[in-house]
Amino acid sequence: MTEKERKGLDRVREIYQDRAHRAKELKAEGKQVMGYLCLYPVLEMLTAVDLAPYRILGDMEEPITKADACLPTVVCPFIRSALDLGLKGKYDFLDGVVMAHICDVGEKTSHIWRTYLNPSYFYFIDTPHTVHKAAQQQLKEQLKDFKKTLESFTGRELSLDKLKQAIKTYNRQRALVRELYDLRKPDPPLISGAETLQVMVALMSIPVDEGIDLLRQVISEVKEGKNGPPKKPARLLVWGSIIDNTALIRMIEELEANVVIDDTCVGSRAYFPNVELTDDPLDGLVYRYLVGLKCPRTFRESVFGETKKDYIKDLESRFGYIKDYAKEWNVNGVILQSVRYCDIHGYEVPGLRDYLDHIGLPNIYLEHDYSEAALAPLRTRAQAFLEVIG
Amino acid sequence: MAWFMGIDIGSGSSKGVITEDGKLVAYHVLPSKANYRVVAQKLRDELLAKVALPPGDITYTIATGYGGGSVPFSNQQVADIRCCARGISSVFPLVRTVIDVQGMSSQVIRLKEGGQVINFVVSEKCAAGSGRFLEVIANVLRIDLKDIGPLSLKSKNPITFTTGCAVFGESEAISRVSEGISKEDILAGVHKALANKISTLIDRIGVEEQWAISGGGGLNVGLIKSVEERLGIQLLVPPQPQLITALGAAIMAEARGGLIARSEITN
Amino acid sequence: MTKVVIMGRDEKICARIVGPTGAEHRRLANKVMEEALEQANLSFNEISCVIATGYGRINVPFADRQITELTCHARGVVSLFPKVRIAIDIGGQDAKGLKISNGKLIDFVMNDRCAAGTGRFLEVIAAALGLKLEELGEISLKSTNRVKISSTCTVFAQQEVIQRISEGIPLEDIVAGLHDAIASRVAKMVKRLKIEPDVVFTGGVAKNAGVVHALKENIGGEILVPDEPLLTGAIGAAILGKELTLKAVAKGETIQRKERRLEEATFFNRGN
Amino acid sequence: MMSNEKKKRAINRLKTMYPLRNLIDEMYQRGVEASKIGKPTAWSMVNWWEADPILKAMDIEIVYPENYGAVCAAFGAAPAYLDRSDSDGFPTHMCGYARNCIGYAARMKDLGEIPPEAPMGGMAKPILLLASGSLCDARYKWFQALGRYLDAPVWTVEIPHPGVEESFREGAYESAINFMVKELGEFVTFLERLLAKKMDWDKLAEITDDIIKINRLWYEINELRKARPCPMHSRDFWSCMNASLYPAGDPKESLKLYQDMYQEVKDRVENKIGAVAEEKYRLAFAELPPWHDLKIFDELAERGWNFVIESWAYHPPKPIDTSQVSNPLERIAKETYQWFTGSFKGALKAKEYMGYFAYPYLEYARDYQCDGALLHPLLTCRTATNHLMLVQDRLLNKLKIPSLVAEGDIVDLKLFDHADTMRKAETLEEMMDHYRGVRREEGLEW
Ligand SMILES: Nc1ncnc2c1ncn2[C@@H]1O[C@H](COP(=O)(O)OP(=O)(O)O)[C@@H](O)[C@H]1O
Ligand SMILES: Nc1ncnc2c1ncn2[C@@H]1O[C@H](COP(=O)(O)OP(=O)(O)O)[C@@H](O)[C@H]1O
Ligand code: SF4
Ligand code: SF4
Ligand code: SF4
């Protein structure tokens with residue numbers, strides 16, 4: 001079997017093992033590959049000028065060494081790892097890089113990346129922190145400029161039609177991801193959390209249309225349902241900062257639990273929000289990327305500009321979607337996890353736990369160092385939590 | 001004739017040297033034990049006895065090291081990082097990076113000719129990042145410190161420690177022994193663990209040839225080998241690595257004392 | 001330490017054994033089990049359910065089930081102190097804080113990366129001072145002027161302590177300083193659970209009256225200690241085993257049992 | 001014979017510093033008194049002169065929990081508040097100021113009033129929490145998290161953070177200013193609703209003008225520090241920065257005090273009086289100092305170390321002319337944006353893409369002819385730490401200036417290791433000597 005013919009989950013595993021393989025192949029074929037960090041760079045625009053987006057991730061299995069010379073050790077180890085790989089030349093195959101103001105250290109890392117690695121194309125999107133109208137306008141102005149730089153870099157026009165086309169394609173991919181996630185609703189789920197995560201990582205490593213084909217194959221294989229996980233007492237939702245390696249989920253699923261749904265950024269957070277096709281497609285994109293993406297890096301409140309505040313109402317508006325997930329996927333416990341030193345997620349934890357307590361979902365918070373070797377101590381914690389929810 | 005003294009009160013052992021016109025004429029090493037003051041005094045007595053001089057004949061004395069503040073007879077106290085750089089440079093003038101592995105910490109120092117420090121990093125205050133880790137493991141394996149290096153070189157299959165703590169590492173070593181893992185594999189594992197820690201220090205300041213190792217860690221061929229392999233470099237090892245810092249102190253004392261002597265003449 | 005508790009259906013303890021934990025978890029498990037059976041005067045086959053817990057729980061070949069020490073400790077503490085809200089367990093490998101509500105474990109924190117802040121810290125230093133663990137508590141209670149231990153690393157603290165001795169600082173003041181060092185570290189961690197009475201302190205280190213005292217100071221309130229703090233986890237495991245068995249019996253199910261066989265049984269062989 | 005005499009401090013402090021320092025101390029009292037007579041109080045944070053004039057023009061008293069964090073640390077009240085925040089489940093690696101504030105608010109909620117142990121009279125209960133989306137994640141996440149304890153609404157004001165090159169793209173400037181003006185406009189409307197009263201635009205224009213004047217003067221004072229020997233030590237800067245940073249009290253009064261200071265510094269320059277007796281080394285300090293161990297600067301001064309420039313984030317913006325801008329909101333926007341982007345031209349030329357936080361230190365080091373830098377990463381403040389390794393690397397590799405990293409924290413005061421820092425400082429001297437020669441070889445002018 002040649003590589004392209006290899007199907008579904010086998011192919012997923014293959015991509016997961018060697019993420020850059022396909023990108024390098026494409027590059028050899030003359031396609032330009034554009035790296036991006038986090039969820040805020042607008043992928044539709046990259047695809048519309050015929051660039052292949054490739055998500056920059058870290059590597060939990062590789063010790064961080066080089067990055068310590070330009071980032072302190074008391075910051076998010078995921079971002080340190082990503083930068084470390086960059087400094088070690090592992091992302092040299094990228095033709096350019098797009099980064100955005102995600103969190104504070106993400107923003108600083110963007111500038112460090114540019115200073116040290118100086119890619120031939122680089123763009124930094126200063127995503128606002130609020131969702132006010134003025135903030136949406138500010139993002140839109142930047143996207144207009146981003147468009148110009150993409151056009152001059154590629155020498156191709158980013159036409160409205162192509163952009164609309166790309167939006168439709170991405171929405172199609174997003175719908176398929178939902179379909180895959182739906183297969184986790186039965187008990188036992190038809191696909192494990194760890195395998196789903198592999199699929200998500202694979203999707204972020206190949207062009208969107210190839211991803212669509214891959215998803216179709218995966219879905220049909222999973223539906224046959226031969227190799228799904230066994231039934232287990234706990235059906236968990238995993239919330240939190242980035243998880244781009246299956247080790248943590250695998251560790252949880254080796255215990256008496258299935259992870260059936262996530263709210264993390266290599267998962268539902270990345271794929272659930274759709275883009276509405278607006279007259280000016282940029283409007284729909286701005287809305288999706290600023291308002292639609294539910295990452296705690298954005299400040300949102302229940303009612304914009306309200307003069308009185310109600311705590312529960314506020315929580316409801318910020319976390320209500322988690323309740324919906326829990327209902328739809330029939331969840332009986334929530335693991336909140338975050339890499340150490342992530343302020344974005346850290347500040348959210350007590351409020352989210354208040355909310356989960358309020359709606360009666362058992363929960364636990366685990367902090368980890370983004371290192372496979374350092375996961376072991378979490379095992380006892382996770383197991384104890386499962387014993388607690390019985 | 002003028003004599004100078006360098007005293008390095010380390011966390012584990014105290015080292016003293018006397019130099020005469022830049023040449024080492026006597027040295028002595030004592031375990032630091034608990035009372036630095038007493039050790040320093042004893043070290044001086046031993047040194048003076050070796051060269052048969054009265055204390056007054058020492059023109060200038062510099063103390064350094066962890067307990068350098070408790071040397072009552074010193075003329076001056078100088079940071080160990082500086083002394084180490086001075087010392088290594090006197091032995092290997094072309095060295096630009098020195099890895100100093102002591103009992104309390106490991107440090108990497110970059111220097112220029114003459115032993116002037118141009119950059120440095122120091123490890124955290126955790127025994128797992130210092131030469132002490134090796135001592136701890138040697139101790140539980142009941143192997144003499146001086147033998148752990150050569151023994152570790154025999155290993156084909158170094159273990160990987162699952163803990164980053166020297167104390168838990170000790171128990172891990174014990175259980176490995178009981179599982180039938182050979183002592184050389186365990187020793188090679190601990191050398192590797194320390195070499196990894198050292199290499200993260202090095203990544204932070206960048207480096208330059210030539211390289212040397214100093215401190216008690218320089219007595220350990222196993223550690224030298226692990227560091228060389230980890231970094232793909234060649235380390236120069238001075239004949240008495242443990243004395244380097246004390247030697248540097250004496251050399252600084254010469255410079256300092258020489259100046260004073262001259263100014264006394266002109267006055 | 002390796003502990004065994006054998007308990008009847010009435011939760012009455014019929015054997016309690018404490019042995020050291022060495023490198024060889026498996027052999028030790030066999031050995032202490034053998035002693036416990038002898039003490040209880042039972043044959044191994046008469047034991048309905050064996051639960052293993054603790055760090056070495058996977059190394060107990062004859063256990064029917066492994067349950068984490070967090071759950072077992074919580075269960076044990078609740079059986080001894082039904083009103084407990086916070087349990088602090090300091091053992092040789094780690095320190096944990098358990099938050100308990102209505103007899104159920106609802107949250108916890110633990111430290112297991114660095115030996116400082118665990119019982120191992122005291123073991124290492126007691127050995128360096130040539131003292132027995134049992135003596136530490138009493139010695140420290142005599143202190144009137146405890147010293148501050150500045151090293152955060154266990155290994156370096158050991159050295160610091162020896163230095164202090166040679167400076168002529170009274171032993172009791174040093175030991176009190178050590179107890180404060182470990183208590184403040186653990187208290188800092190446990191405070192994350194929001195401390196509410198009743199607070200119970202268990203695990204081997206709770207046998208040390210000096211740490212109990214220091215922990216009280218650091219937490220700022222009363223602390224209850226079981227008579228045999230070392231056994232709390234094992235008691236909890238036994239109770240959980242009993243509950244599992246009764247539940248299974250009630251449902252008419254059988255619990256999967258491992259073969260009741262002790263390896264390397266030495267002086268006598270009652271089982272099988 | 002000398003031992004009985006009090007040893008003279010090695011740093012020659014400015015006399016005009018003291019009244020400025022007092023202004024901040026009075027701020028809390030004003031807040032508490034204001035709340036007694038029913039005047040509204042807002043909790044705010046450093047927002048680089050963006051929102052303060054608006055609040056002031058609406059007659060709202062402002063207190064600053066960030067500054068209060070430092071106060072609590074100094075008075076020893078912080079540990080209890082930190083514990084409270086920790087026990088409520090906030091991770092311990094979060095900003096010490098935020099955790100202090102969270103603990104304080106929790107306690108205030110329990111008691112229903114200002115906690116009696118609160119230093120300096122405490123912070124009055126706010127009617128508004130004004131968060132800032134700029135520079136630091138903690139600053140908008142933390143005020144939102146206060147919702148657990150306070151029912152005051154939260155508003156987040158924004159300042160754009162463009163990339164260096166992106167900021168020069170066509171339309172980028174206008175868009176950024178437009179964004180800020182609109183955001184501030186919405187904020188004014190919100191305040192009008194909250195307080196049920198109208199904005200006095202003339203008053204706003206006047207206050208804005210005063211604040212800009214203060215900043216100009218403060219900028220000029222700092223320019224004078226380029227002199228050799230440097231007339232004003234970083235310690236004086238830190239003592240005085242707050243009166244500008246948190247435009248405390250009556251701006252006109254502050255302005256007068258800064259004028260006095262300008263005069264004193266200028267006199268020193270003219271008479272070649274330095275802040276330390278013998279200026280052997282000129283240093284820059286990066287980010288917040290170890291507040292509880294400021295005496296270390298005296299010890300270093302004894303060795304001839306003069307700290308001539310520091311903490312970029314607290315310096316006033318480089319002057320631009322906005323006097324012709326009639327809309328005060330636009331004027332504010334331009335000035336504040338300038339604070340962020342004022343060094344971007346130089347940064348672009350130097351191909352340094354961290355245009356604020358990192359690049360300004362390269363500018364300082366050159367303009368103030370520094371021999372070295374002391375960098376103080378803070379365990380719980382990533383914002384003041386993120387860039388320091390980069391700064392260290394760039395200072396050394398581009399300008400041949402060595403620096404020293406000494407870790408500490410803003411609230412957990414035990415983290416800073418005085419003895420260890422002094423040991424390393426001694427070594428840094430040697431590095432500074434060495435790099436003087438290197439700079440000369442490379443044709444750098446100092
Ligand atoms: N004979 C030896 N063989 C191998 N290693 C040794 C020997 N002696 C000391 N060491 C190593 O050197 C370390 C002590 O180094 P040293 O520079 O003397 O430290 P300190 O000055 O802190 O006492 C020990 O921890 C040990 O790892
Ligand atoms: N008799 C005693 N007096 C004081 N401390 C003791 C005593 N026995 C054990 N300890 C302390 O208890 C610790 C072991 O506690 P334990 O709960 O058995 O831990 P673990 O289960 O992790 O081995 C030892 O490290 C020691 O500090
Ligand atoms: S994990 Fe947190 S700190 Fe790290 S990049 Fe994501 S949001 Fe930023
Ligand atoms: S981890 Fe172990 S070796 Fe390191 S500081 Fe802690 S006790 Fe010491
Ligand atoms: S800048 Fe630092 S100190 Fe200030 S709020 Fe942010 S994290 Fe806290």
Side-chain angles (χ1 to χ4, degrees), chain A residues 68-72 74-76 101 103-105 107-115 118 122-126 128-130 132-135 137-138 141-142 144-145 148-149 296-297 299 301 305-311 314-315 338 340-341 343-344 346-351 353-354 365 367, chain D residues 88-91 93-95 98 131 133 135-138 140-142 144-145 147-148 150-156 158 160-166 169-172 175-176 178-179 182-183 186 189-190 193-194 351-355 357-358 377 379 382-383 385-390 393-394:
Chain A
D68 290 349
C70 44
L71 259 185
V74 291
V75 305
C76 161
H101 194 149
C103 52
D104 209 26
V105 67
E107 180 225 8
K108 298 297 184 302
T109 303
S110 307
H111 304 319
I112 292 175
W113 191 291
R114 181 170 209 179
T115 305
N118 202 18
F122 190 97
Y123 200 85
F124 175 75
I125 302 174
D126 177 29
H129 283 99
T130 58
H132 304 162
K133 274 269 155 17
Q137 185 59 37
Q138 166 69 359
E141 293 303 323
Q142 291 183 69
K144 284 189 200 160
D145 182 54
K148 282 191 221 156
T149 65
R297 58 80 56 206
F299 175 83
E301 46 195 340
E306 64 181 345
T307 51
K308 259 273 161 276
K309 182 135 188 179
D310 177 312
Y311 183 50
D314 186 48
L315 294 179
S338 171
R340 204 177 303 280
Y341 303 123
D343 289 332
I344 293 291
Y347 281 96
E348 216 76 347
V349 168
R353 294 191 80 177
D354 282 347
Y365 173 52
E367 225 170 61
Chain D
D88 279 8
F90 289 94
H93 59 66
M94 291 181 354
C95 167
L135 275 198
C136 160
D137 297 327
Y140 65 95
K141 302 297 300 174
W142 138 37
Q144 182 164 45
R148 282 184 119 207
L150 297 169
D151 55 9
V154 190
W155 187 279
T156 298
E158 296 224 71
H161 297 52
V164 166
E165 194 169 354
E166 291 79 0
R169 309 248 336 146
E170 193 192 332
S175 167
N178 190 20
F179 171 41
K182 272 205 222 150
E183 286 260 316
E186 288 187 50
T189 318
F190 166 74
R193 235 173 341 110
L194 181 70
K351 292 197 189 308
E352 289 293 334
Y353 296 102
M354 207 189 283
F357 265 130
L379 184 68
R382 264 155 293 289
T383 300
T385 303
N386 280 327
H387 53 289
L388 292 183
M389 305 315 287
L390 178 81
D393 175 70
R394 299 274 116 175

Q | Proximal component of D:Leu194, with respect to chain A [non-hydrogen, under 4.5 Å] | A |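 Its backbone and side chain both get close to chain A.
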Q: Give, as side chain, backbone, both or neither, the part of D:Ala152 having an atom under 4.5 angstrom from any heavy atom of chain A.
A: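 The backbone, not the side chain.
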Q.
Check the orientation of D:Trp155 and A:His132. Use parallel for under 30°, tilted for 30 to 60°, and perpendicular for over 60°.
A.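 It falls in the tilted class, 30° to 60°.
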Q.
Is the ring pair D:His161/A:His101 parallel, tilted or perpendicular, if the boundaries are 30 and 60 degrees?
A.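 Ring orientation, 0 to 90° scale: perpendicular.
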When rounded to the nearest 0.5 angstrom, what distance separates [atom1] in [X] from [atom2] in [Y]?
X	Y	atom1	atom2	answer
D:Met354	A:Cys70	CE	SG	9.0 Å
A:Leu71	D:Thr385	CG	OG1	11.0 Å
A:Phe122	D:Tyr353	CZ	OH	9.5 Å
A:Tyr341	D:Leu379	OH	CG	6.0 Å

Is it the backbone or the side chain of [X] that comes under 4.5 Å from a heavy atom of chain D, or both, or neither?
X	result
A:Asp354	side chain
A:Val74	both
A:Glu107	side chain
A:Tyr123	both
A:Arg353	neither

Are the side chain of [X] and the backbone of [Y] linked by a donor-acceptor contact shorter than 3.5 Å?
X	Y	answer
D:Asp137	A:Asp104	yes
D:Lys182	A:Lys133	no
D:Tyr140	A:Arg297	yes
D:Glu158	A:Thr130	yes
D:Glu183	A:Ala134	no

Over all heavy atoms of both residues, which pair between [X] and [Y] is shortest? Give the atoms and the distance, please.
X	Y	answer
A:Tyr365	D:Pro91	OH-CG, 3.9 Å
A:Asp126	D:Pro162	OD2-N, 3.6 Å
D:Gly89	A:Val349	O-CG1, 4.3 Å

Which of [options] touches chain A most, by non-hydrogen pairs under 4.5 Å:
options	answer
D:Ala145, D:Pro160, D:Ala131	D:Pro160
D:Thr383, D:Val164, D:Thr189	D:Thr383
D:Arg394, D:His387, D:Glu170	D:Arg394

Q. Would you say D:Met94 and A:Tyr347 make side-chain contact, with heavy atoms under 4.5 Å?
A.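 The answer is yes, as the side chains (C-beta and beyond) meet within the 4.5 Å cut-off.
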**Q.** Step-by-step side-chain contact (heavy atoms from CB on, under 4.5 Å) determination, A:His111 to D:Leu390
**A.** CA-CA 10 Å; A:His111 304 319; D:Leu390 178 81; over 6 Å; no
Q: Please indicate whether D:Lys351 has more than 12 foreign heavy atoms, meaning atoms of other residues, nucleotides or ligands, lying under 6.0 Å from its NZ.
A: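 Not more than 12 within 6.0 Å, no.
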**Q.** Test side-chain contact (heavy atoms from CB on, under 4.5 Å) applied to A:Lys108 and D:Phe357, step by step
**A.** CA-CA 9 Å; A:Lys108 298 297 184 302; D:Phe357 265 130; 3.6 Å; yes
Q: Give a yes or no on whether a salt bridge exists between D:Glu166 and A:Arg114, defined as a side-chain N under 4.0 angstrom from a carboxylate O.
A: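 Salt bridge flag = yes for A:Arg114 with D:Glu166.
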Q | Carboxylate-amine/guanidinium proximity below 4.0 Å for A:Asp343 and D:Arg382 | A |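 Salt bridge flag = yes for D:Arg382 with A:Asp343.
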Q) When only pairs under 4.5 Å are counted, which of A:Lys148, A:Arg340, A:Lys309 shares the most heavy-atom pairs with chain D? A)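 Highest number of heavy-atom pairs under 4.5 Å: A:Lys309.
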Q. Between A:Gly351, A:Cys76, A:Ala135, which shows the greatest number of heavy-atom pairs under 4.5 Å with chain D?
A.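 Of the candidates given, the most pairs with chain D belong to A:Ala135.
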(Q) Between A:Gln138 and D:Ser175, is there a side-chain donor-acceptor contact under 3.5 Å, judged purely by atom types and distance? (A)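 Looking only at side-chain atoms, A:Gln138 and D:Ser175 do form a donor-acceptor pair, the distance falling under 3.5 Å.
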Q.
Assess the residue pair A:Asp68 and D:Met389 against the criterion (side-chain contact (heavy atoms from CB on, under 4.5 Å)); give the C-alpha distance rounded to whole Å, side-chain angles, the decisive distance to 0.1 Å, and a yes or no.
A. CA-CA 8 Å; A:Asp68 290 349; D:Met389 305 315 287; over 6 Å; no
